[in-house]
Chemist: 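Below is the structure I would like to discuss, written out as structure tokens.
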Amino acid sequence: MGHARLALAVLAFGYAFLYLPIALVIVYSFNESRLVTVWAGFSTKWWTALLHNEAMLSAAWLSLRIALLSASAAAVIGLAAGYVLARVPAFFGRTLFGSLVIAPMVMPEVVMGISMLLLFVGSERLLGWPPRGFLTIAIAHITFSIAFVAVVVQARLVDFDRSLEEAAMDLGATPWTTFLTVTLPLIAPAVGSGWLLAFTLSLDDLILTQFVSGAQSQTLPMLVYSSVRLGVDPQINVLATVIVALAASALILSGWLTRRRA
Amino acid sequence: MPIVQIEGASKRFGPVTAVDKVDLTIERGELFALLGGSGCGKTTLLRLLAGFETPDGGRILIDGQDMAGVPPHRRPVNMMFQSYALFPHMSVADNVAYGLRREGLPKGAIAERVAAALAQVKLADHGSRRPSQLSGGQRQRVALARALVKRPKLLLLDEPLAALDRKLREGTRFELVRLQEELGLTFVMVTHDQEEAMSMSTRLAVMDLGRIKQVGPPHEVYERPRSRFVADFIGIANILPDGNRWLALRPEKIALGVAEPPSAPLPAHRIAGEIVDIAYEGDRSLYRVATERGVLLVSAANVARDGRSFQRNQRVWLAWAADAAQVLDE
């Protein structure tokens, strides 16, 4: 009995350590005070202020568009890469290919950032394209998100029953139809969770984005970071609350997708 | 024209030769069994027919047409997989309809043929279920319906009964044979179970180490095995040296008696011995009898109800006819 109580207390402490700060942010988003850390009564005025903050809204909209595009592109390319890694038994340079796909997961973002910046600057000088901003940020995010999708898809395909695909082909399906009607529906949950992973990674990336964003574009994390340096406004608490809500729904959705796998 | 002609087909996986220069002809309407232990190449041979493997050498003709370069989805062949390979994300009816949809048949025709195929395997009211909601025997029948609905010239069955429990297996054996005869199709079946192969097939091939050791109707392969391997693999055999050759003698061909066999009509061979071991199998018992020609296995039906016709350490006489033993080539 005593042991069980102790275990519960430890558990409660652990969860408090993890989630108390987040709970505080949510509570303080309804703070009346101008100061972030002083409680002065309930108010929704900072929520209203955020809704009318043009800079914040356009940064959020940019981040959302980048996240949608990069997650979708990374899902397609990562699916192809994961498929090859799981299915093509041996080809020249297979090990190298595998390492290259996984490398962005462990590569310091600063290194990726500086190398991408060099590439984009060079390409802009030679071809006049791409303009730094939305497109360059999206490309950079796709580059490191592919790895995460590929790993999830590969893991799912490794224990995939190959005889299902053979049965489809035996029944007259071309390899492509087999992929669309049998393989893809069965690994869709893995692709879905890969997409969600890529989406959240893109949404809160700061370091890489700062290297490739150019002068005009400002994503949400960049705006938050710069406004924190200038002195925080309680709107930050509101924004944090919104992001927590979004992240929580993504997490729940991803868990649900993974459990639904046949 | 035979439905299947295999001419010198070989398949290697790295250093292992799974199928070694196999020649085989299968006639229309046969229920042909490929029989052998694990790793003998029987499944690889079946997969060569389905097109999942390509031969390293030799030719495979199905219905007179060379199958070189023909992918699985263009072969007039369907396969029932050992694991059944039912699509878990589709209903039973969609599983059966899958192959017909690939042919681009109109919806009405597909629905009709799916219903007929499900009725044929007695699953008419299970169409809307998921495979995971079915029992093992029902899944096996869905897999069968899914392959048969395509009306293939040749149906390949990979260990069709291995995943079923014993009682169900016996009934399903007859069911498969009935379907094969009714539809007039050619079945090629892979099995490791010699009883299954013997009771179902019109002809069977015994395989070992990628080669076919003997082909023939079950009774011929059983009664006239050509090699020690076949004699030993199919049923039980006493292998006796006879000069510079070997004889195979089935345990049930030997008469077991307490008294010395009468001199007329004279059995060609008789020998005295002592029972060293008895394996009681219910309907019959298997006796190990020590004789001057070595330990012989003798099988005798348990006709008397009290069972114990013979005891261990009992002195007995063994006798067999002149034509009871089979001379082996190897």
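These figures come from a predicted structure and were not determined experimentally. The sequence lines fix the lettering, A, B, ..., with proteins before strands; numbering per chain opens at 1.
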Chemist: Is it the case that over 12 heavy atoms from other parts of the model lie below 6.0 angstrom from the CZ atom of B:Arg166?
Modeler: no
Chemist: Does A:Arg87 have more than 12 heavy atoms from other residues, nucleotides or ligands lying within 6.0 Å of its CZ?
Modeler: yes
Chemist: Would you say the side chain of B:Met79 lies within less than 4.5 Å of the side chain of A:Glu166, judging by non-hydrogen atoms?
Modeler: no
Chemist: Pick one of side chain, backbone, both or neither for B:Met90, based on which atoms fall under 4.5 Å of a heavy atom in chain A.
Modeler: side chain
Chemist: With a 4.5 angstrom heavy-atom cut-off, is it the side chain or the backbone of B:Leu86 that approaches chain A, or both, or neither?
Modeler: backbone
Chemist: Working to the nearest 0.5 Å, report the span between CZ of B:Arg102 and CG of A:Asp170.
Modeler: 13.5 Å
Chemist: As an exercise, state the distance from OH of B:Tyr98 to OG1 of A:Thr178, rounded to the nearest 0.5 Å.
Modeler: 5.0 Å
Chemist: Can you tell which part of B:Arg74 gets under 4.5 Å to a heavy atom of chain A, answering side chain, backbone, both or neither?
Modeler: neither
Chemist: Please find the pair of heavy atoms, one from A:Ala173 and one from B:His73, that lie closest to each other, and give the distance.
Modeler: O-CB, 3.2 Å
Chemist: Check the surroundings of atom CD in B:Glu112: do more than 12 heavy atoms from other residues, nucleotides or ligands lie under 6.0 Å from it?
Modeler: no
Chemist: Relative to chain B, which of A:Thr177, A:Thr181, A:Asp161 shows the most heavy atom pairs under 4.5 Å?
Modeler: A:Thr181
Chemist: Does atom CZ of A:Phe13 have more than 12 heavy-atom neighbours, drawn from other residues, nucleotides or ligands, at distances under 6.0 Å?
Modeler: no
Chemist: Less than 4.5 Å to any heavy atom of chain A: does that hold for the side chain of B:Phe81, its backbone, both, or neither?
Modeler: side chain
Chemist: Could you grab the distance from atom CG of A:Leu171 to atom NZ of B:Lys150, nearest 0.5 Å is fine?
Modeler: 6.0 Å
Chemist: Should we count CZ of B:Arg113 as having more than 12 external heavy atoms under 6.0 Å?
Modeler: yes
